[in-house]
Amino acid sequence: MLVRVLDNTGAVGQLQVNVVDENNAPVNDAKVTILDTENQVVERVQTDSSGQTQDVSLFAPPMEYSLDENSDMMPYANYNLRIEVGGIRVENILNVEILPGELALQNVRISQSSDSTITIAPHTLYADYPEKIPEEEIKDINESGDIVLSRVVIPEYVVVHDGTPQSNAKDYYVLYRDYIKNVASSEIYATWPEETLKANILAIMSFTLNRVYTEWYRNKGYDFTITSSTAYDQKWINGRNVYESISRIVDDIFNQYLSKPDVKQPLLTQYCDGKKVTCPNWLSQWGSFNLGEQGKSAIQILRNYYGREIYINSAEQISGVPASWPGYDLTVGSRGQKVMQLQEQLDTIAKVYTAIPRIAADGIYGEKTKEAVSAFQKIFNLPVSGVTDFATWYKISQIYVGITRIGEGVDRN
């Protein structure tokens with residue numbers, strides 16, 4: 001049953017809170033208190049065996065605020081969260097952003113050592129941030145010698161410096177896909193057309209992978225991959241919620257980036273909002289919204305800004321996964337080593353996420369495997385089909401790696 005909190009506009013967004021412990025295991029019976037910005041209690045919910053709360057419906061501003069570039073109204077509502085385990089307050093998250101018609105996913109990693117508070121900074125399209133300092137979209141490798149990778153590789157982690165390059169800011173190890181979801185949720189509104197979201201996400205990924213491929217900051221003597229400064233890179237906000245619609249697109253295309261013919265490196269796809277800042281030959285975020293509203297596809301939107309010769313490329317190698325996707329969907333009737341690998345990983349996950357039924361690793365994709373895959377997809381906000389597609393395969397790999405690293409003692413925060 002959904003909890004419904006409305007005002008007279010009738011606009012509603014939804015929130016799901018997902019809580020894991022320091023070992024990435026789900027936390028059952030965590031108490032989650034949702035408060036308004038005046039710290040008045042709106043609702044109290046608890047997590048289930050998968051560490052998840054029910055979807056809570058909350059007041060949000062009218063949809064048109066996020067669809068009108070001339071509106072000065074804040075298009076999302078802010079809520080505060082207090083998460084408690086064992087009767088002890090262990091986490092506060094302030095200014096969670098709720099958009100109308102969207103499911104916001106707030107991931108929380110509980111630290112048992114001390115209480116903590118995370119304050120989510122405002123969205124880049126609503127607040128004022130420094131504009132991007134222009135750079136060449138393709139780095140001159142003949143002069144600089146900066147390129148050290150022989151091919152484009154999707155990293156497992158990026159190291160985010162939470163400030164300008166020269167600042168004494170904290171560095172965060174962030175899973176690549178989580179980084180992309182965070183930046184996209186910080187830079188664009190999830191209420192926009194799907195092809196607009198996809199175009200912007202491709203630009204965000206290509207920019208990131210250019211930093212990875214060129215080892216841009218490491219070649220300047222820094223120990224990080226990218227910054228959170230909009231003047232130099234893209235806006236990443238520590239601890240912020242992401243949106244299911246953005247999350248699903250990223251899971252579907254996270255190995256992709258933008259290329260030009262005869263250029264190995266991903267394009268440094270710079271962009272601006274197109275309202276407060278204009279940027280000829282860069283993607284305009286509000287301009288991409290208008291093109292999406294006109295029915296343009298993601299690649300049409302991107303070519304409108306970066307040139308007709310660009311195309312969507314795919315990385316051949318993905319780091320941090322036990323085995324690569326077979327290149328085709330696994331479904332009932334599939335057999336072989338890839339099915340066995342899937343079953344072994346999924347059954348290991350089921351030991352921790354007990355809502356997933358246990359299965360035998362026999363290499364035969366039967367109804368029990370389909371049921372287990374469906375349960376996994378439901379927990380991790382993937383389309384529930386029982387079919388192991390690209391997104392499901394790599395999400396299973398990500399969760400499997402996360403929970404089997406228990407005891408390694410690697411601090412990624």
Side-chain angles (χ1 to χ4, degrees), residues 124-125 132 135-139 151-155 158 174-214 216 225-226 230 233-236 242-261 263-274 279 281-318 325 389-391 394-395:
T124 60
L125 292 179
K132 177 75 176 70
E135 298 178 46
E136 293 296 325
E137 68 177 7
I138 300 172
K139 302 304 179 187
R151 57 180 174 174
V152 177
V153 176
I154 303 300
V158 292
V174 185
L175 288 167
Y176 174 75
R177 272 173 280 176
D178 290 346
Y179 170 79
I180 300 300
K181 293 174 184 181
N182 184 304
V183 172
S185 296
S186 302
E187 292 271 9
I188 53 178
Y189 293 136
T191 54
W192 288 3
E194 183 168 339
E195 290 300 304
T196 294
L197 297 181
K198 185 176 178 181
N200 280 268
I201 289 167
L202 282 163
I204 290 166
M205 292 192 298
S206 192
F207 187 105
T208 306
L209 290 174
N210 183 279
R211 291 294 196 231
V212 173
Y213 184 85
T214 62
W216 183 249
T225 312
I226 200 164
T230 57
D233 297 294
Q234 308 169 124
K235 191 59 186 172
W236 174 85
V242 302
Y243 297 97
E244 183 186 39
S245 55
I246 286 173
S247 178
R248 287 191 179 190
I249 293 173
V250 174
D251 285 336
D252 281 338
I253 65 171
F254 75 89
N255 67 327
Q256 298 178 11
Y257 59 95
L258 299 176
S259 287
K260 284 188 174 180
V263 178
K264 290 179 64 177
Q265 62 182 278
L267 299 184
L268 189 75
T269 38
Q270 299 161 100
Y271 51 83
C272 67
D273 72 343
C279 47
N281 302 318
W282 295 1
L283 180 142
S284 158
Q285 292 165 322
W286 278 111
S288 71
F289 164 77
N290 293 325
L291 291 173
E293 287 284 275
Q294 296 169 23
K296 301 295 185 183
S297 67
I299 191 62
Q300 288 174 322
I301 293 170
L302 291 162
R303 285 174 175 165
N304 184 74
Y305 296 105
Y306 300 120
R308 297 187 63 179
E309 73 274 25
I310 69 163
Y311 62 97
I312 299 172
N313 210 337
S314 297
E316 296 179 4
Q317 184 177 340
I318 299 171
W325 185 57
D389 54 11
F390 175 90
Y394 283 113
K395 178 60 72 172

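On a predicted model such as this, the values are computed, not experimentally measured, just so you know.
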Quiz item: Near Glu135 CD, under 6.0 Å, is it more than 12 heavy atoms from other residues, nucleotides or ligands?
Solution: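 Buried by this count: over 12 neighbours within 6.0 Å.
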Exercise. Would you indicate whether Lys395, at its atom NZ, is surrounded by more than 12 heavy atoms from other residues, nucleotides or ligands within a distance under 6.0 Å?
Key: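 Counting other residues, nucleotides and ligands, NZ of Lys395 exceeds 12 neighbours.
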[X] vs [Y] side-chain heavy atoms within contact, under 4.5 Å:
X      : Y      : value
Asn304 : Leu291 : yes
Asp233 : Arg211 : yes
Leu197 : Ser245 : yes
Leu302 : Ile310 : yes
Ile299 : Glu195 : no

Taking [Y]'s backbone N and O only, do any of them form a donor-acceptor pair with [X]'s side chain (distance below 3.5 Å, no angle check)?
X      : Y      : result
Thr269 : Ser206 : no
Asn210 : Leu267 : no
Tyr394 : Trp325 : yes
Ser185 : Val242 : no
Arg177 : Asp251 : no

Mind checking the [atom1]-[atom2] spacing from [X] to [Y]? Nearest 0.5 Å is all I need.
X      : Y      : atom1 : atom2 : answer
Thr196 : Ile188 : OG1   : CD1   : 8.5 Å
Ser247 : Asp178 : OG    : CG    : 8.0 Å
Phe207 : Ile180 : CZ    : CD1   : 10.5 Å
Asn182 : Leu175 : CG    : CG    : 12.0 Å
Asn255 : Met205 : CG    : CE    : 7.5 Å
Arg303 : Tyr311 : CZ    : OH    : 11.0 Å

Quiz prompt | salt bridge (charged side-chain N to carboxylate O under 4.0 Å, His left out) assessment of Glu244 paired with Arg248 | solution = CA-CA 6 Å; Glu244 183 186 39; Arg248 287 191 179 190; 3.2 Å; yes
Practice problem: May I ask you to check whether Ser288 and Asn200 show a side-chain donor-acceptor distance below 3.5 Å? | Solution: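 Yes, side-chain donor-acceptor contact under 3.5 Å.
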Self-check item: Polar contact flag, side-chain donor to acceptor under 3.5 angstrom, Thr208-Gln234
Solution: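 A pair is found: one side chain offers a donor N or O, the other an acceptor, under 3.5 Å apart.
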Self-check item: salt bridge (charged side-chain N to carboxylate O under 4.0 Å, His left out) assessment of Lys260 paired with Glu137
Solution: CA-CA 10 Å; Lys260 284 188 174 180; Glu137 68 177 7; 2.5 Å; yes
Exercise. Evaluate the salt bridge (charged side-chain N to carboxylate O under 4.0 Å, His left out) criterion for residues Glu293 and Lys296: first the C-alpha distance (whole Å), next the side-chain angles of each, then the deciding distance (0.1 Å), finally the verdict.
Key: CA-CA 7 Å; Glu293 287 284 275; Lys296 301 295 185 183; over 6 Å; no
Quiz item: Can Lys235 and Glu187 be counted as an ion pair, charged N to O under 4.0 angstrom?
Solution: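 Answer for the salt bridge query: no.
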Quiz prompt | Residue pair Tyr271, Ile204: steps toward the side chain to side chain contact (heavy atoms under 4.5 Å, CB included) verdict | solution = CA-CA 9 Å; Tyr271 51 83; Ile204 290 166; 3.7 Å; yes
Over all heavy atoms of both residues, which pair between [X] and [Y] is shortest? Give the atoms and the distance, please.
X      : Y      : answer
Gly292 : Pro193 : C-CG, 3.8 Å
Gln256 : Ile312 : OE1-CG2, 3.2 Å
Ala391 : Asp252 : CB-OD1, 3.3 Å
Cys279 : Leu283 : SG-O, 3.8 Å
Leu125 : Gln285 : CD2-OE1, 3.3 Å
Ala190 : Ile246 : CB-CD1, 4.0 Å

Quiz prompt | Worked verdict on Trp282 versus Tyr305 for side chain to side chain contact (heavy atoms under 4.5 Å, CB included) | solution = CA-CA 6 Å; Trp282 295 1; Tyr305 296 105; over 6 Å; no
Exercise. Before giving the answer on side chain to side chain contact (heavy atoms under 4.5 Å, CB included), spell out for Lys139 and Trp216 the whole-Å C-alpha distance, their side-chain angles and the decisive distance to 0.1 Å.
Key: CA-CA 9 Å; Lys139 302 304 179 187; Trp216 183 249; 3.6 Å; yes
Quiz prompt | Tyr213/Tyr257 aromatic ring centres below 6.0 Å | solution =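 That pair fails the under 6.0 Å test.
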Quiz item: Taking the six-membered ring where the residue is Trp, are the ring centres of Phe289 and Trp192 under 6.0 Å apart?
Solution: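 Distance test on ring centres: under 6.0 Å, yes.
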Quiz prompt | Residue pair Phe254, Tyr176: steps toward the ring pair (Phe, Tyr, Trp, His ring centres under 6.0 Å) verdict | solution = CA-CA 9 Å; Phe254 75 89; Tyr176 174 75; 7.1 Å; no
Exercise. Apply the test salt bridge (charged side-chain N to carboxylate O under 4.0 Å, His left out) to residues Glu316 and Arg151: give CA-CA distance (whole Å), side-chain angles for both, the deciding distance (0.1 Å), then the verdict.
Key: CA-CA 8 Å; Glu316 296 179 4; Arg151 57 180 174 174; 3.7 Å; yes
Self-check item: Criterion side-chain contact (heavy atoms from CB on, under 4.5 Å) against Gln265, the qualifying member of Thr214, Val152, Leu209
Solution: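 With Gln265 as partner, side-chain contact (heavy atoms from CB on, under 4.5 Å) holds for just one option, Thr214.
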Exercise. For the pair Ile253 and Ile201, evaluate side chain to side chain contact (heavy atoms under 4.5 Å, CB included) and give the outcome as yes or no after the intermediate values.
Key: CA-CA 9 Å; Ile253 65 171; Ile201 289 167; 4.2 Å; yes
